[in-house]
Amino acid sequence: MNEKPSYKDTLNLPRTDFPMKGNLPRLEPELLDKWAELKISAKLAQPKQDQPTFILHDGPPYANGDIHLGHTLNKVLKDIIVRSKAMAGHYSPFVPGWDCHGQPIEHEVEKRLGRERADIGTAEIRRLCREYALKFVDRQRGQFKRLGVGGIWDEPYLTLDPGYEATVVRIFNQLYQEGLIYRGRKPIHWCYRCKTALAEAEIEYEDEPSPSIYIKFPLLDDFEPLAKASGNKSLLVWTTTPWTLPANVAVAVNPNADYAAVSDGRDIYILADALVSAVEKIAGRELVKIAGFKGESLVGLGCKHPTKEYRSPVVAADFVALDQGTGCVHIAPGHGEEDYLIGQKYNLPSPMPVDENGRFTEEAGALAGLHIIEANDRIIEDLKDRGILLMSGSIDHSYPHCWRCKQPVIFRATEQWFVSMDAGDLRQRALRAIQSVKWVPDWSIRRISGMVSERPDWCISRQRSWGVPIPIIFCGDCGQILAGVDILKHIEALFRAQGADVWFAREPVELLPPGTVCPKCSGADFRKENDILDVWFESGVSHAAVLETRSELSWPADLYLEGSDQHRGWFQSSLLTSVGTKSTAPYREVLTHGFLVDGEGRKMSKSLGNVIDPLKVIERSGADILRLWVCSADYSSDIAISDEILDRISEAYRRVRNTLRFLLGSLADFDPARDKVDYADMEAIDKWVLIRMDELIAKVLGAYEDYRLHIVYHSIYNFCTVDLSSFYLDVSKDRLYTSATNSKARRSAQTAIFELAESLIKIVSPVLVFTADEAWSYLPDRPADEPSVHLSRMPVGNNARIDMKLKDEWGKLLLIRQETSKALEAARTARLIGSSLEAKIRLSAPKEYEEVLTVYARDLAAVFIVSQVELVAEGTAVSNAFESQAIPGVVVEVDRAQGHKCARCWNWRLEVGENSDHPELCGRCLEAIGA
RNA sequence: GGGCCUAUAGCUCAGUCGGCUAGAGCGCGCCCCUGAUAAGGGCGAGGUCCGUGGUUCGAAUCCACGUAGGCCCA
């Protein structure tokens with residue numbers, strides 16, 4: 001047994017109840033309860049006088065499923081920014097929202113109903129959809145709150161709220177009166193069995209045999225490269241849907257591809273050069289190339305329609321592929337998405353000779369009444385008879401099928417509603433509005449501008465039930481549209497009072513102001529539009545439905561913040577509805593973040609099996625770990641996450657936590673009111689660390705301001721590791737532990753540490769919301785009005801104390817310290833010393849360093865954490881010394897320290913042994929224990 | 001196939017106007033300490049700056065073409 005008297009009890013070792021291990025999964029829910037009790041969100045939602053506002057308008061996630069990492073990334077970024085603004089003095093209320101309508105929910109509800117669907121009316125379907133949406137709103141709300149995201153969660157905005165639905169009608173009305181909304185035709189997926197339109201998600205792709213036919217489209221014009229050639233000249237067109245030929249209006253070629261004219265000895269065919277040999281094989285005859293040219297040169301020529309007296313022009317289309325077929329594509333704008341776009345571009349007619357049952361109409365002439373699938377053979381026979389069929393066969397390819405009846409679906413143009421991009425000059429106005437917005441990162445403006453300048457008219461109608469109806473009433477007699485200002489205002493008021501359900505519950509006449517008659521034919525028999533609005537239209541009016549109506553908020557928003565996919569989605573739909581009604585953008589600034597990828601840079605998908613579930617991470621490690629991860633990455637491009645990355649983040653978290661723990665532990669007996677030392681009286685190294693802290697504060701606050709959050713992370717983390725843990729705190733331990741409790745030297749260190757702790761906790765609190773507030777509660781001397789760090793303000797850097805001379809001196813001391821560390825390490829390897837306190841250093845340095853070393857001669861041993869330092873003149877011969885590579889002229893000789901080890905402070909001192917009562921103590925320790 | 005974007009150490013990031021031997025922290029290896037202890041400290045090894053070509057006295061940086069990956073569209 002060791003009976004030696006212990007001096008350990010006379011030391012001031014760190015003491016704190018702030019645990020080393022976070023145990024976040026248990027702690028975080030407790031803090032959430034505490035915040036609820038303190039009503040933190042309510043307090044933050046209470047504006048103070050003259051506070052500048054900062055409105056980050058939340059893009060509504062879809063109310064379906066549990067939150068995933070994408071939600072986590074987005075909402076945590078928003079939360080960090082909102083919190084940093086609040087702590088910088090802004091009034092920054094955050095009103096979260098949800099997108100509640102739409103096909104995915106309706107589809108899900110219908111799937112669950114199965115066969116019962118047919119027996120249930122629209123009202124009931126809508127009731128079930130609402131129930132479903134609200135359930136997931138609630139679920140996701142709980143998950144977002146668990147992530148530590150602050151906001152007015154008790155009163156979120158929902159696109160299914162009557163007030164919101166009324167605003168949708170209001171904006172529709174405004175756009176309608178401006179002449180921006182029109183009715184037109186557009187092909188959509190259509191199931192002729194179920195007689196219904198289908199959304200992309202309702203389509204299943206399966207292999208299906210189709211005819212594969214090659215048809216001659218005879219040239220009607222002279223074509224210069226073939227001027228001398230004799231024989232019938234045609235474009236060779238390939239198609240797998242003969243039944244669409246009656247609707248043909250053009251032939252498309254790829255303008256950039258090479259085309260060839262080939263002869264089979266009698267006729268001349270024009271097709272893509274790259275496909276000649278493939279066609280040769282299929283046709284089983286030799287094709288001799290007689291001319292070559294770019295696809296571009298064909299554009300503008302006319303071809304004869306296969307069956308009608310119609311001149312089908314050759315048009316250019318980049319989408320024409322050269323991997324199969326002929327490179328000449330027959331265009332029927334009523335039967336294909338791409339065909340439709342080409343039709344728009346070239347202003348082509350759009351015949352639609354197929355009815356909702358999949359049968360040809362009178363428009364198809366002799367084919368009228370025939371089903372399109374049955375008609376295929378007839379058409380092929382007819383082409384053969386006309387001598388324009390080169391060959392026909394069959395091909396298996398992936399073809400869309402209806403999810404409900406499993407039968408093939410077709411593209412069929414139907415009446416739809418559109419927002420015109422050009423009628424009211426909307427496109428140009430939007431492009432101008434884009435210019436006045438700040439887009440972050442800067443390439444974002446190129447993306448949105450490119451998309452707005454290229455996009456087709458916005459199709460805003462959907463053939464569904466779960467959404468806001470298109471508020472249009474038709475005259476049942478003459479078909480006149482009744483959409484006057486008063487009528488739409490009346491409908492808006494009805495929606496505001498009763499919700500959009502009223503549309504489905506009432507007869508058309510009951511939706512109109514009393515006494516309304518058709519302005520054209522005075523009829524009083526009405527019919528209502530069955531379509532609903534695109535959900536993008538709904539969420540796109542949130543600036544009007546939320547920013548303009550909520551008392552906490554204001555229009556326009558200071559910031560929209562979403563993933564880069566929203567350049568096509570919400571950024572754009574919001575812009576168009578805002579510019580259409582107000583001629584300006586609904587946001588001052590738009591920030592986009594990248595998408596999640598795994599450690600290899602691949603997207604997260606169930607099939608790749610690389611999906612990480614944020615809820616599991618929270619359960620295992622805590623929300624603060626996820627939040628730190630969000631903060632650590634540069635979100636302007638894709639953001640990687642993997643187990644390794646999360647491990648690194650957890651380690652970084654532990655480092656920050658432990659640094660805070662040491663700071664708090666060092667303040668166990670510190671009462672700032674009583675013990676604080678004036679800055680002017682502080683030890684030089686304490687002044688220095690506060691200067692570093694001021695610099696860190698400036699850097700971090702600037703990074704928050706510029707939304708450069710990864711800079712926040714790296715700066716704070718490096719400060720904890722480099723400045724504090726490995727240097728300042730390591731050096732300060734001696735003073736904190738061994739100096740007399742109330743000595744100036746010790747109180748000086750504590751004064752610095754108190755400020756370090758307070759500032760660090762504050763600047764990290766927008767990120768580590770839980771950990772920071774936990775640490776906050778351990779700080780001594782908290783003012784009563786700041787029971788939570790989240791109600792406090794950011795620290796202000798003190799420029800007055802930035803002393804360049806002191807900074808420069810300590811910069812030099814640190815450089816020298818690196819060299820003494822190397823020398824000590826060499827001595828350690830040579831088994832001369834173990835702990836650095838066992839060493840004495842003899843040091844020489846060039847003039848520019850020697851001056852500083854002389855000024856701080858008294859502090860050098862502490863700074864280098866050795867027992868003795870002797871400065872010697874440069875050039876003094878020392879034996880067996882370390883010569884610095886980094887700073888030529890710096891020479892360090894390491895020896896065993898002189899004297900004996902003090903049992904209390906562990907420094908080696910000559911005087912140890914001189915005091916008979918305490919033969920194991922040094923002079924400083926004798927004084928410290930009052931002996 | 002088109003538009004926009006990304007690529008620097010095993011990981012996360014710096015790298016200004018083109019200019020020293022491309023940096024930091026983590027991780028890794030070795031060592032020390034045992035008074036921050038499921039902690040703390042030191043030293044060290046890690047780079048085809050995605051590739052190829054070009055401009056230039058000089059390129060991680062500028063240009064072109066590729067490759068890989070991401071978002072959106074087709």
Side-chain angles (χ1 to χ4, degrees), chain A residues 6-8 11-16 18 20-21 254 256-257 317-323 337-338 341 441 443-451 453-456 563-569 572 592-604 628-629 631-634 636-649 651-652 654-655 657-666 708 710-711 713-715 717-722 725-727 729-731 733-734 736-738 817-818 820-829 831 833-838 865 904-906:
Chain A
S6 167
Y7 291 103
K8 191 166 171 177
L11 296 172
N12 286 300
L13 295 177
R15 265 188 295 122
T16 178
F18 182 76
M20 177 179 280
K21 268 197 77 180
N254 189 325
N256 305 313
D318 290 330
F319 68 78
V320 172
L322 301 171
D323 53 342
E337 183 87 34
E338 289 167 329
L341 292 173
W443 50 257
S444 169
I445 192 172
R446 286 200 288 280
R447 185 150 180 193
I448 189 84
S449 303
M451 284 178 164
S453 55
E454 293 293 323
R455 70 159 296 154
S564 60
D565 56 334
Q566 299 305 329
H567 285 97
R568 171 147 298 269
Q572 209 177 126
T592 56
H593 56 79
F595 270 68
L596 290 163
V597 293
D598 67 14
E600 269 72 57
R602 277 165 222 285
K603 69 170 133 190
M604 304 232 131
L628 195 58
W629 160 72
C631 187
S632 74
D634 178 357
S636 64
S637 57
D638 296 328
I639 300 130
I641 189 164
S642 63
D643 288 340
E644 181 185 358
I645 290 168
L646 280 175
D647 282 351
R648 286 299 92 79
I649 291 293
E651 278 154 17
R654 279 203 291 275
R655 170 66 106 180
R657 184 179 179 90
N658 243 320
T659 303
L660 288 175
R661 179 167 185 265
F662 185 81
L663 295 175
L664 294 170
S666 303
R708 289 168 49 85
H710 66 287
I711 302 292
Y713 166 85
H714 280 278
S715 307
Y717 183 53
N718 278 347
F719 183 76
C720 285
T721 302
V722 181
S725 198
S726 83
F727 176 60
L729 296 178
D730 206 26
V731 166
K733 284 171 193 170
D734 179 72
L736 289 163
Y737 298 174
T738 70
R817 189 175 188 263
Q818 286 195 338
T820 61
S821 287
K822 287 190 176 76
L824 288 168
E825 187 59 29
R828 199 144 32 223
T829 307
R831 300 279 164 207
I833 58 166
S835 160
S836 59
L837 282 176
E838 290 165 22
I865 318 186
R904 182 168 175 274
C905 72
W906 294 350

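All chains are named by letter (A, B, ...) in the order of the sequence lines, taking the proteins before the strands, and each is independently numbered beginning at 1. These numbers come from a predicted model, not from an experiment.
Between B:G41 and A:Ser725, a contact under 4.0 Å exists linking OP1 or OP2 to a side-chain N or O. A close approach under 4.0 Å does not occur between any side-chain nitrogen or oxygen of A:Arg655 and OP1 or OP2 of B:G27. OP1 and OP2 of B:C43 both lie 4.0 Å or more from every side-chain N or O belonging to A:Arg828. Proximity of A:Arg831 to the phosphate of B:C32: a side-chain N or O atom is located under 4.0 Å from OP1 or OP2.
With a glycosidic angle no further than 90° from 0, B:G46 counts as syn.
In this structure, A:Arg568 contributes its side chain and A:Met451 its backbone to no donor-acceptor pair below 3.5 Å.
Here A:Lys21 lies out of heavy-atom contact (under 4.0 Å) with every strand. Base contact: A:Lys8 has a heavy atom under 4.0 Å from a base atom. When heavy atoms are screened at a 4.0 angstrom cut-off, A:Ala652 is found touching no nucleic acid atom at all. Nucleic acid contact class of A:Gly594 (heavy atoms, under 4.0 Å, all strands): none. Residue contacts shown for A:Val722 are limited to sugar-phosphate atoms, with no base heavy atom under 4.0 Å away. The residue A:Ala826 sits apart from the nucleic acid: no heavy atom pair falls under 4.0 Å. Residue contacts for A:Ser821: at a heavy-atom cut-off of 4.0 Å it reaches the sugar-phosphate backbone alone, with no base atom in range. When heavy atoms are screened at a 4.0 angstrom cut-off, A:Arg904 is found touching base atoms of the nucleic acid. Residue contacts for A:His710: at a heavy-atom cut-off of 4.0 Å it reaches the sugar-phosphate backbone alone, with no base atom in range. Counting non-hydrogen atoms under 4.0 angstrom, A:Leu11 reaches a base of the nucleic acid. Using a 4.0 Å heavy-atom criterion, one finds that A:Gly450 contacts no nucleic acid atom at all.
In RNA chain B, the stems built from three or more successive Watson-Crick or G-U pairs (distances below 3.5 Å) are B:1-7 with B:67-73, B:10-13 with B:23-26, B:28-32 with B:40-44, B:50-54 with B:62-66.
Taking CG of A:Leu663 as the reference point, atom OG1 of A:Thr16 lies at 10.5 Å (rounded to 0.5 Å).
By the criterion of a centre-to-centre distance under 5.5 Å and near-parallel planes under 30°, the ring of A:Trp906 forms a stack with the base of B:G35.
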